[in-house]
Amino acid sequence: MRLTFRRARAGDRGVRRVRRVLALGLAGVLLAGCGTAKDDAPVDPTLDALTVKGRAAKTGYSREEFGNGWVDTDHNGCDTRDDVLARDLTDITFKPGTQDCVVLTGTLDDPYGGATISFTRGQGTSEAVQIDHVVALSDAWQKGARSWDAAKRVEFANDPLELLAVDGPINSAKGDGDAATWLPPDRGYRCTYVQRQVEVKAKYGLWVTPAERDAMAGVLAGCPATSTSTATSAPPVAFTSCAAARAAGAAPLHRGDPGYSTDLDGDGDGTACE
């Protein structure tokens with residue numbers, strides 16, 4: 001498109017003003033294409049309630065600050081990694097003699113990349129499926145977790161809401177990024193992912209940076225108006241196996257509890273999946 005400007009006698013002030021308006025308009029278009037929320041866009045109330053401030057220093061962070069690997073925080077006899085594998089994989093087989101704890105094989109429909117991945121436990125194969133901390137531990141450390149006691153950090157690192165079985169290489173690529181620097185490659189999962197990050201940060205009182213908050217709001221502005229993550233959903237009326245009960249954090253089940261059945265209570269003592 002050709003634009004012709006008529007210069008005023010007093011000089012080219014009018015031309016400069018038009019150029020400035022055009023430049024500001026172009027900048028507005030470019031910013032609208034970024035992941036930030038518009039000023040008039042509705043903000044998720046849970047996100048809006050989070051504290052917004054700068055990232056603290058990473059000084060003192062190590063994985064061990066959140067516990068020594070995976071533990072059995074729910075006291076169901078299985079470590080958290082196997083609980084998450086049992087929850088998120090299908091076609092699962094368990095190691096004999098482990099009371100349906102140790103997952104040997106399974107299939108993952110990867111939420112981050114959309115691929116179907118076969119999982120086989122073992123050296124050189126287990127890494128194909130990794131357990132992601134939806135809010136990276138080092139990110140949590142820099143946004144509030146540094147001031148927690150050791151018990152709360154272990155609880156956080158093993159909370160099912162905070163954990164997800166995902167494609168190993170994609171998880172490695174994520175690193176310790178927050179929503180301002182990393183989102184799942186599968187755009188169809190971004191709403192669920194950001195909603196889950198917001199839930200985790202709200203549950204534990206972690207803050208967000210201004211850029212992170214804007215990125216989250218930008219994603220959520222285009223999401224359906226519902227969002228309860230799978231990890232926080234109510235348990236089913238009946239569990240098909242003790243592995244399912246453990247993955248939901250419901251084990252052990254006592255007679256009268258939601259999900260209890262005599263099929264799961266092998267010794268008939270009124271307590272299933274102990």
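When reading the values below, keep in mind they use all heavy atoms of this one structure, side chains included, and skip hydrogens, waters and symmetry mates.
- Not less than 6.0 angstrom separates the ring centroid of Trp141 from the ring centroid of His133.
- Remark: Asn68 CG is loosely packed, at most 12 non-hydrogen atoms of other residues, nucleotides or ligands lying under 6.0 Å away.
- A salt bridge is defined here as a Lys NZ or Arg NE, NH1 or NH2 lying under 4.0 Å from an Asp or Glu carboxylate O, and Glu162 with Lys201 fails to meet this definition.
- Two different hydrophobic clusters hold Phe119 and Val102 under the rule that ILVMFWY side chains link at heavy-atom gaps under 4.5 Å.
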_Criterion side-chain contact (heavy atoms from CB on, under 4.5 Å) on Asp83 and Trp70, from CA distance to verdict_ = CA-CA 10 Å; Asp83 280 341; Trp70 301 111; over 6 Å; no

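- Residues Asp186 and Pro111 come closest through the heavy atom pair CB-O, 3.9 Å.
- Without hydrogens or angle criteria, Thr98 side chain to Lys95 main chain gives a donor-acceptor distance under 3.5 Å.
- Side chain of Arg63 to backbone of Gly67: a donor-acceptor contact under 3.5 angstrom is found.
- Under the 4.5 Å side-chain contact rule for hydrophobic residues, Leu137 and Val154 do not share a cluster.
- Both Tyr189 and Ile170 are assigned to one and the same hydrophobic cluster, defined by single-linkage of ILVMFWY side chains at heavy-atom distances under 4.5 Å.
- Across Gln195 and Cys223, no two heavy atoms sit closer than the pair NE2-CB, 3.9 Å.
- Considering NZ of Lys58 and CD of Gln142, their distance stands at 6.0 Å, rounded to 0.5 Å.
- The main-chain N or O of Thr209 is found under 3.5 Å from a side-chain atom of Glu212 such that the two form a donor-acceptor pair.
- Only one option out of Val166, Leu164, Val129 pairs with Asp110 in a side-chain contact (heavy atoms from CB on, under 4.5 Å); it is Val166.
- Connection of Ile131 to Leu104 is not established within any shared hydrophobic cluster, with ILVMFWY side chains joined at heavy-atom distances below 4.5 Å, either directly or through further cluster members.
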*Please report the C-alpha distance between Asn158 and Thr73 in whole Å, then the side-chain angles of each, then the deciding distance to 0.1 Å, and finally whether the side-chain hydrogen bond (donor to acceptor under 3.5 Å, both in side chains) criterion is met.*
CA-CA 7 Å; Asn158 290 272; Thr73 54; 5.1 Å; no

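- Glu65 CD: more than 12 foreign heavy atoms inside a 6.0 Å radius.
- Using a 4.0 Å cut-off between a side-chain N of Lys or Arg and a carboxylate O of Asp or Glu, Lys143 and Asp139 qualify as a salt bridge.
- Two residues are said to be in side-chain contact when any heavy atoms from C-beta on lie closer than 4.5 Å; Val134 and Tyr193 meet this criterion.
- Of the possible polar contacts, one joining the Arg87 side chain to the Pro160 backbone as a donor-acceptor pair under 3.5 Å is found.
- Summarising the geometry, atom CG belonging to Leu108 is positioned 5.0 Å from atom CD1 belonging to Ile117; distances are rounded to the nearest 0.5 Å.
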*Using the salt bridge (Lys or Arg N to Asp or Glu O under 4.0 Å) rule, take Asp72 and Arg81 through it: C-alpha gap first, then chi angles, then the decisive distance, then the call.*
CA-CA 9 Å; Asp72 179 16; Arg81 181 173 185 270; over 6 Å; no

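- Looking only at distances, a side-chain donor or acceptor of Asp82 sits under 3.5 Å from a matching main-chain atom of Val103.
- Using a 3.5 Å distance cut-off with no hydrogens or angles, the side chains of Thr120 and Thr105 do not pair a donor with an acceptor.
- Using a distance-only test at 3.5 Å, with no hydrogens or angles considered, no donor-acceptor pair links the side chain of Asp79 to the main chain of Val71.
- Using a 4.5 Å heavy-atom cutoff, the side chains of Thr80 and Leu163 are in contact.
- In this structure, Val52 and Trp207 have side chains that are not in contact, with every pair of non-hydrogen atoms separated by 4.5 Å or more.
- Remark: Leu161 CG to Arg196 CZ distance equals 5.5 Å, nearest 0.5 Å.
- Residues Asp159 and Tyr204 are in side-chain contact: their nearest non-hydrogen atoms beyond the backbone lie under 4.5 Å apart.
- Leu89 and Ile92 get closest at one heavy-atom pair: O-CD1, 3.3 Å.
- Surrounding NZ of Lys152 are more than 12 heavy atoms belonging to other residues, nucleotides or ligands, all under 6.0 Å away.
- Of the possible donor and acceptor atoms, none in the side chain of Arg213 sits under 3.5 Å from a partner among the backbone N and O of Leu47.
- At distances below 3.5 Å, not a single donor-acceptor pair connects side-chain atoms of Thr181 with backbone N or O atoms of Gly177.
- Atoms CG and CD, on Leu220 and Gln197 in that order, are 10.0 Å from each other to the nearest 0.5 Å.
- Contact annotation: the side chain of Glu199 never approaches that of Val135 to less than 4.5 Å [non-hydrogen atoms, C-beta and beyond].
- Looking at heavy atoms from C-beta onward, Arg146 lies out of side-chain contact with Tyr61 at the 4.5 angstrom threshold.
- The nearest pair of heavy atoms linking Ala136 to Gly175 is CB-O, 4.1 Å.
- For the pair Phe66 and Ala145, the tightest heavy-atom approach, listed with the atom from each and the gap, is CZ-CB, 3.9 Å.
- When all heavy atoms are compared, the tightest approach of Pro210 to Lys53 is CD-O, 3.8 Å.
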